[in-house]
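I have placed the structure first, in the form of structure tokens, so that the comments after it can refer back to it.
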Amino acid sequence: MNCASPTDFNFSFKGFKCRGGDTDVHAHGWGLAIYEGRGVRTFHDPLPCAASPIADMVSCYPIKTLNMMAHIRYATQGAVSLENVHPFTREMWGIQWTFAHNGEVPKFTLPKNPQEENNSTNFCGGETTDIPLLGKCVTAVYHPVGDTDSEAVFCAMLNALRAEFTTLPTLPVLYEAIQRLCTEIVRGHEEKTIFNFLLGCGQFTMFAFSWPGSRDGSKVWNGLHYLVRWPPFSKAVLADVDYAVDFSETNKANDRVAIIATKPLTTNENWKEFKKGELLMFDNGLPYSRPYELCLVERCGRGLSSRAIPRGEICPIKFSYNIPKLLRETVCQALGHEEGDQQVWAERAVDLGCGSGQSGAQFRQCVKHLTGVDLSPEMAEEARERSCYDRIIVGDAECALHENNQHGQEGRTWYDFVFACDLFPYVGDLRPIFQTMRKGLEGKGGTLAFSVELLDEALNESREEDEADPGFVMQSCARFAHKRWYISQLFKEFGFHELLRKESTVLRQHCGKDVLGALVVLELPPS
């Protein structure tokens with residue numbers, strides 16, 4: 001579980017612990033790792049979770065956290081004993097790392113019966129060889145205590161990361177390194193490997209990876225699913241026990257929780273299954289996988305934190321993309337809202353050119369109902385998986401104006417907030433899209449916010465009265481830049497009033513140079 005604000009895990013754990021020997025066969029021990037600041041609180045028990053007095057105590061213990069994981073074990077390798085219970089923990093770089101795994105990893109599997117007694121040989125001695133080394137590692141520093149392939153994989157991953165970095169890696173760099181290790185672990189055993197894990201690295205950050213599959217002779221599918229629970233909250237019904245909670249009565253506007261589980265824990269919520277080979281990083285209750293998204297998290301001060309080694313630097317060219325956050329800050333300033341204020345100030349909003357949903361995530365808590373629109377089915381699917389939209393539409397901006405009612409009849413819909421992050425550089429003539437945005441806002445009136453790339457001053461000498469000048473130019477990077485007079489002309493033509501315009505804003509970088517543009521907030525009065 002990964003959260004935006006300190007949250008207790010009692011609801012999810014109430015259903016989860018039933019799977020430890022009651023509603024499921026995972027009866028070979030259980031464990032918890034709960035981050036509290038720089039520390040981590042752990043509970044482990046080789047007893048079935050459903051019958052464990054410690055589990056009963058923890059389920060009633062309202063510990064609040066931003067980051068935690070729980071595991072119930074079905075022993076396929078290693079005896080049923082305390083040293084083989086997940087999650088495993090190690091200190092590296094002055095950070096507490098935690099790891100829980102579901103599956104089998106042939107590259108790290110010992111050929112022995114899982115029910116053998118504690119006196120069996122293990123990875124560290126006897127006749128067996130040392131654990132495989134990954135990445136650039138030539139000497140192992142971390143070694144497994146128990147006999148599981150899970151702990152061996154964890155140690156090997158930490159050894160590889162420690163060998164690769166002499167400074168604390170930033171989140172985009174760490175993500176890429178973990179992705180390479182996952183590929184290396186699976187390579188050569190793609191058909192037999194089942195590799196689903198949670199990797200916690202500090203109070204804010206959790207990585208989750210899935211290489212799903214079924215064991216020989218079993219029809220049980222082992223994968224990973226996740227859910228983002230955030231406003232507007234609703235009732236959630238547990239799958240393993242007759243219990244439900246209406247989170248609209250208990251949670252606040254700034255609460256947001258991502259839950260990752262082998263199988264969905266509730267029956268009435270929209271869980272997403274990980275794709276095969278997919279690695280997600282969770283922070284602040286949201287999933288991330290794109291380098292520029294990870295960079296934004298890092299810039300917010302939520303990357304790895306250590307007193308032991310210096311921090312690495314973010315490459316400003318490789319990971320530069322900050323438009324959604326900048327646009328939100330500009331809108332809040334224009335409307336008189338404090339940045340970080342969780343107040344809902346829009347009833348219905350539409351995100352034009354929503355892409356993977358990063359822009360929607362920035363504005364989600366400001367609006368009651370959010371629609372995302374994108375021409376790309378692939379981008380729309382990514383946005384849908386981010387779970388921050390109430391409605392996703394594959395199509396152009398005009399499609400956002402139409403909505404089917406409960407009888408299946410198409411009707412006109414309205415919005416009081418329309419925003420477009422990084423859409424205009426893909427559109428030359430903006431008149432049709434301005435006309436669409438006006439249609440969506442007219443009647444009740446509302447706010448329009450967008451980013452636009454502007455031509456350099458030296459190239460921006462054409463005047464409004466030059467009828468041969470369209471007001472925009474295709475750049476060498478295949479993106480449109482627009483002229484200031486053209487944007488101002490559109491305001492007046494479609495009846496918008498300017499609330500705020502921030503020019504000379506660095507929107508992105510291209511070939512190592514800053515690309516300047518403007519962040520604009522307009523108002524359309526009620527008709």
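Computed from heavy atoms alone, side chains included, the values below leave out hydrogens, waters and symmetry copies.
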- Message: Testing the basics here: between Leu133 and Thr139, what is the closest heavy-atom pair and its distance to 0.1 Å?
- Response: CD1-N, 4.3 Å
- Task: Describe, in one word, how the ring planes of Tyr175 and Phe207 are oriented to each other, choosing from parallel (under 30°), tilted (30 to 60°) and perpendicular (over 60°).
- Result: tilted
- Task: Look up atom CE in Met1 and atom CG in Leu265, then write down how far apart they are to the nearest 0.5 Å.
- Result: 11.0 Å
- Item | Short side-chain to backbone donor-acceptor contact, Lys107 and Glu184, under 3.5 Å | yes
- Between the side chains of Asp255 and Ser5, does any donor sit under 3.5 Å from an acceptor? yes
- For Pro106, does its backbone N or O pair with a side-chain atom of His189 as donor and acceptor, under 3.5 Å? no
- Task: Would you check if the side chain of Ser59 reaches a backbone N or O of Asp56 as a donor-acceptor pair within less than 3.5 Å?
- Result: yes
- Query: So do the side chains of Asp8 and Lys64 get within less than 4.5 Å of each other, counting heavy atoms only?
  - Reply: yes
- Query: Under a 4.0 Å N-O cut-off, is there an ion pair linking Glu36 with Arg41?
  - Reply: yes
- Would you say the side-chain atoms of Trp211 pair up with the backbone N or O of Glu190, donor to acceptor, closer than 3.5 Å? yes
- Query: Under 6.0 Å from the CZ atom of Arg215, do we count more than 12 heavy atoms belonging to anything else shown?
  - Reply: yes
- Item | Residues Ser356 and Gln358: side-chain donor-acceptor under 3.5 angstrom | no
- Do Val58 and Lys17 have side-chain heavy atoms sitting under 4.5 Å apart? no
- Message: Just to verify, which of Phe209, Phe197, Phe195 counts as forming a side chain to side chain contact (heavy atoms under 4.5 Å, CB included) with Ile185?
- Response: Phe195
- Find the distance between CD1 (Ile34) and CD1 (Ile63) and round it off to the nearest 0.5 Å. 4.0 Å
- Does the Asn67 side chain pair with the main chain of Thr205, one donor and one acceptor, at a distance under 3.5 Å? yes
- Check for a donor-acceptor pair, side chain of Trp230 on one end and backbone N or O of Ser387 on the other, with a separation under 3.5 Å. yes
- Report the C-alpha separation of His101 and Thr148 in whole Å, then their side-chain angles, then the decisive distance to 0.1 Å, and conclude whether the side chain to side chain contact (heavy atoms under 4.5 Å, CB included) test is met. CA-CA 10 Å; His101 167 243; Thr148 66; over 6 Å; no
- Message: Under a 4.0 Å threshold between the charged nitrogen and the carboxylate oxygen, would Glu151 count as salt-bridged to Arg90?
- Response: yes
- Item | Tyr288 and its side chain to side chain contact (heavy atoms under 4.5 Å, CB included) partner, picked from Leu171, Leu280, Asp283 | Asp283
- Please say which of Val331, Asp351, Val350 ends up in a side chain to side chain contact (heavy atoms under 4.5 Å, CB included) with Phe419. Asp351
- Task: Without swapping roles, check the side chain of Asp149 against the backbone of Glu104 for a donor-acceptor pair under 3.5 Å.
- Result: no
- Could you check Asp240 against Thr23 for side chain to side chain donor-acceptor pair (under 3.5 Å), going step by step and ending with a plain yes or no? CA-CA 7 Å; Asp240 295 86; Thr23 60; 2.8 Å; yes
- Got a donor-acceptor contact below 3.5 angstrom from the Asp374 side chain to the Ala380 backbone? no
- Item | Pro169 side chain near Leu161 side chain, heavy-atom distance below 4.5 Å | no
- Salt-bridged, Glu278 to Lys272, with N to O below 4.0 Å? no
- Should Cys201 and Leu304 count as side-chain neighbours, where that means a heavy-atom distance under 4.5 Å? yes
- Message: Any heavy-atom pair between the side chains of Val237 and Thr266 that's under 4.5 Å?
- Response: no
- Query: Which heavy atom in Gly213 sits nearest to a heavy atom in Trp221, and how many Å separate them?
  - Reply: CA-CZ3, 3.6 Å
- Task: Would you please indicate if the ring centroids of Phe16 and Phe9 are separated by under 6.0 Å?
- Result: no
- Item | For the student: nearest non-hydrogen atoms of Ala163 and Cys137, plus distance | CB-CA, 3.7 Å
- Message: Is there a side chain to side chain donor-acceptor pair (under 3.5 Å) between Ser81 and Glu83? Walk through the geometry before answering.
- Response: CA-CA 6 Å; Ser81 56; Glu83 67 267 22; 3.1 Å; yes
- In Å and rounded to the nearest 0.5 Å, what is the CG to CH2 distance from Leu224 to Trp271? 10.5 Å
- Query: Do the charged groups of Glu382 and Arg386 touch, with an N to O distance under 4.0 Å?
  - Reply: no
- Might you point out which heavy atoms bring Pro324 and Phe363 nearest each other, and give the distance in Å? O-CE1, 4.4 Å
- Would you check if Val228 and Cys388 make a side-chain contact, meaning some heavy-atom pair closer than 4.5 Å? no
- Task: Taking all heavy atoms of Phe43 and all of Met57, pick out the closest pair and write down the distance.
- Result: CE2-CE, 3.9 Å
- If only atom types and distance count, is the side chain of Ser451 paired as donor or acceptor with the main-chain N or O of Asp422 below 3.5 Å? yes
- Task: Would you confirm whether the ring centroid of Phe99 sits within less than 6.0 angstrom of the ring centroid of His86?
- Result: no
- is_close_aromatic(Phe247, Phe11), centroid dist under 6.0 Å: yes
- Item | Test item: Val40 and Trp97 side chains (from C-beta on) under 4.5 Å apart, heavy atoms | no
- Tell me, do Pro87 and Leu32 make a side-chain contact under 4.5 Å, heavy atoms counted? no
- Task: Apply side chain to side chain donor-acceptor pair (under 3.5 Å) to the pair Tyr35 and Thr98, showing each step before the final yes or no.
- Result: CA-CA 9 Å; Tyr35 283 94; Thr98 56; 3.0 Å; yes
- Item | Arg384 and Glu381 ion-paired at < 4.0 Å | yes
- Task: List the atom of Cys354, the atom of Ser359, and the distance in Å for their closest heavy-atom pair.
- Result: O-OG, 3.8 Å
- Item | Flag if over 12 foreign heavy atoms under 6.0 Å of NZ, Lys276 | yes
- Message: Set out, in order, the CA-CA distance, both residues' side-chain angles and the distance that settles side chain to side chain contact (heavy atoms under 4.5 Å, CB included) for Thr42 and His44, then state yes or no.
- Response: CA-CA 7 Å; Thr42 60; His44 293 87; 3.6 Å; yes
- Message: Please determine whether side chain to side chain contact (heavy atoms under 4.5 Å, CB included) holds for the pair Met157 and Tyr142, giving the CA-CA distance in whole Å, both sets of side-chain angles, and the decisive distance to 0.1 Å.
- Response: CA-CA 9 Å; Met157 292 177 70; Tyr142 299 98; over 6 Å; no
- Message: When you measure from the side chain of Asn196 to the backbone of Asn222, do you find a donor-acceptor pair of N or O atoms at a distance under 3.5 Å?
- Response: yes
- Item | From Lys263 atom NZ to Asp24 atom CG, the distance as rounded to the nearest 0.5 Å | 4.0 Å
- Query: Do Arg364's NZ or CZ and the ring of Tyr389 fall within the cation-pi criteria of under 6.0 Å and 45°?
  - Reply: no
